[in-house]
Student: 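I have a structure I would like to understand better, so I am pasting it below and will then ask my questions one at a time.
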Amino acid sequence: MEELQNQIRPLLAKLYPESDNRIEALSHQFVHLIDEHQAKRSEALKAFDKDTPANWFKSSETIAYILYADLFSPEAPQGQKLEALRKQIHYFNDLGINLIHILPLLKSSGDAGFAVDDYETVDEKLGTNQALQTLISECHQQGIHIALDFVLNHVSDKQTWAVAAKHNDPHYYPFFMWSHSGEPWEKVPDIFPDFAPGHWDYVEPLDQWVWSTFYKRRPFGYTTDQFDFAQWDLNYQNPDVLFGMINNLLTLANWGIDVFRLDAVPFLWKQPGTSCISLPQVHTLLKIFRLSLQSVAPKAVFLAEANEQFEKLLEYFGQGDQVQIAYHFTLMPYLWQAVTAGKVKDIQTVLTNTPDHTHWWILSESHDELSLEMLDKPIAKTLTESFLNNGCQPFRQIKGESFPRGISGTTFSLLQGDLRKIKLLWQLKLSLGWTPLFYMGEELGVENDLNYQKDPIRCQDSRFVKRVPLTEDRKNRRHQKGSKEYQWYHTLKDLISWRKQHPCLVKKPDFFETGNSAVLGFTKQDAQEQIIILANCSDLSQTVNVPTLGTPTLEAFEFLSR
Ligand code: GLC
């Protein structure tokens, strides 16, 4: 414990320099908190920790899948969604999935669970804390790991701290950041410009404004409430907030969660005059969270949700002392650019620059929108226009700009159901390296669902277009030969099985020049085998000249591996 105290002291001192004389007391408080949670960890989880290899999440076997518990079992009665999920573990075993990310499942007021009301209680619409723990332990027994969101940047305005602050409680008021004017800060971008512009939410009882990056009840410039909940950012300049959130994290860790997705992590620290994104203090906070987690749940890992420029994104790995995994948000639009515009160079550049010590989740789709803002403007514009023409929806449309920053749509709808393109996208996801991630319904060719537009709360948030119930009917159609679901599901299932037969595919690719701007060429190698891959991302056949393979001709969207 003395060692832990020596580790935490400099981190706290960096974050709270003005409280120098309090650092000793704070580091004692930290050690005490860790102690408490270590004592609470169950014997079963301690045994699991012991049996789990340190780098389990880097295994070539790991294939991840992200879902909403309610949408995955729409027919199950309210309160029994987690139980229903447990009864469908065979679905994941069959497809070859062994890591399930269940989107937010704690008691919440909105934003599809990301406005958390209570960090210690499962949403009663989904099930009970006990049902979740049974699900986790059954998954663990079957070799499936579980990921959960840790929403650490903000709480819902119905969460206890927020309610107390709203009532001017002197202890909780400084858990948040306040303003008397609500004026936006110049350099800070709007994250949800479409329906929650600005940075402050009006709090009527106090006649003040509170900092809010995401959903706001009443944004600056509005005279009435837009929503019946808000997400209030936490003020990490107050150490009580940090300790409160460490306590929440460790409580969840003791439920047996394997991966914590750190939601909206770049926004944790605010400072006037800056963009308030990925400030240095965010990284100090991460080191403290990491130290806490590894002290209690030594095999649990962090996944960064940081939709940032690549160089900034890399900072989240620190010196091996921050997150273990990040979404490869830079690669994501490049994958789309490849299969829809036949341009592969950017994939090669970014992956060549991806350092060896980093580990990534490779995704083409998530529950959020597809951001194209990192692409060159002309191509971003062309792709956006074609996706909008296919019935996909704009997201993050800034007033005065001609096209939105993001597009909401399912993979099927974005690609207009072209199985050749989706197959290529999956082949790339499964072969480029690290851990592939699939979003619920991707495997069944689920189409956009415009029903959200009828819901007064959700209608402005186009991301709901792709939050579609996977009914029994839909899932069962995967057994019916000739159905779209059969075709898509079995295509993916076969590809996952191919990936698992070739463990070297988890490695970082070694690219070679194909002399053709639409054909990506790379090799994978381990002690057992070497694989050469050519991926033709254009809609025309292409001939390439590769010394080891001669001059093969690839059909449109053909993926060749030898
Ligand atoms: C993350 C989530 C998104 C949510 C936001 C606020 O970006 O992925 O769904 O709306 O954070 O929590």
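Ligands are counted one by one from 1 in listed order, and the atoms in each one are counted from 1 as well. Atom set for the values below is all heavy atoms of this structure, side chains included, hydrogens, waters and symmetry mates excluded.
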Student: Anything with a heavy atom under 4.0 Å from ligand 1 counts, so go ahead and list those protein residues by chain and number.
Tutor: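 Close residues (ligand 1, cut-off 4.0 Å): D111, F114, H154, F192, F214, Q231, R261, D263, E305, H367, D368, R463.
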Student: For T410, check side chain to side chain donor-acceptor pair (under 3.5 Å) against everything at least two apart and list the hits.
Tutor: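 Partners of T410 by the side chain to side chain donor-acceptor pair (under 3.5 Å) criterion, ordered by chain and then number, come out as S413.
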Student: With under 30° as parallel and over 60° as perpendicular, where do the rings of Y215 and F229 fit, or are they tilted in between?
Tutor: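 Tilted.
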Student: Parallel, tilted or perpendicular: which describes the rings of W488 and F412, with under 30° parallel and over 60° perpendicular?
Tutor: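 W488 vs F412 ring planes: tilted.
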Student: With a 3.5 Å distance limit and no angle check, can you tell me whether R290 reaches the backbone of G320 through a side-chain donor-acceptor pair?
Tutor: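 A pair under 3.5 Å: yes.
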Student: If the plane angle is over 60° it's perpendicular, under 30° parallel, otherwise tilted; pick one for W178 and W232.
Tutor: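 Geometry flag for W232 against W178: perpendicular rings.
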Student: Could K216 and F192 be counted as a cation-pi pair, given that NZ or CZ must be under 6.0 Å from the ring centre and within 45° of the axis?
Tutor: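 The answer is no; the distance or angle limit is not met.
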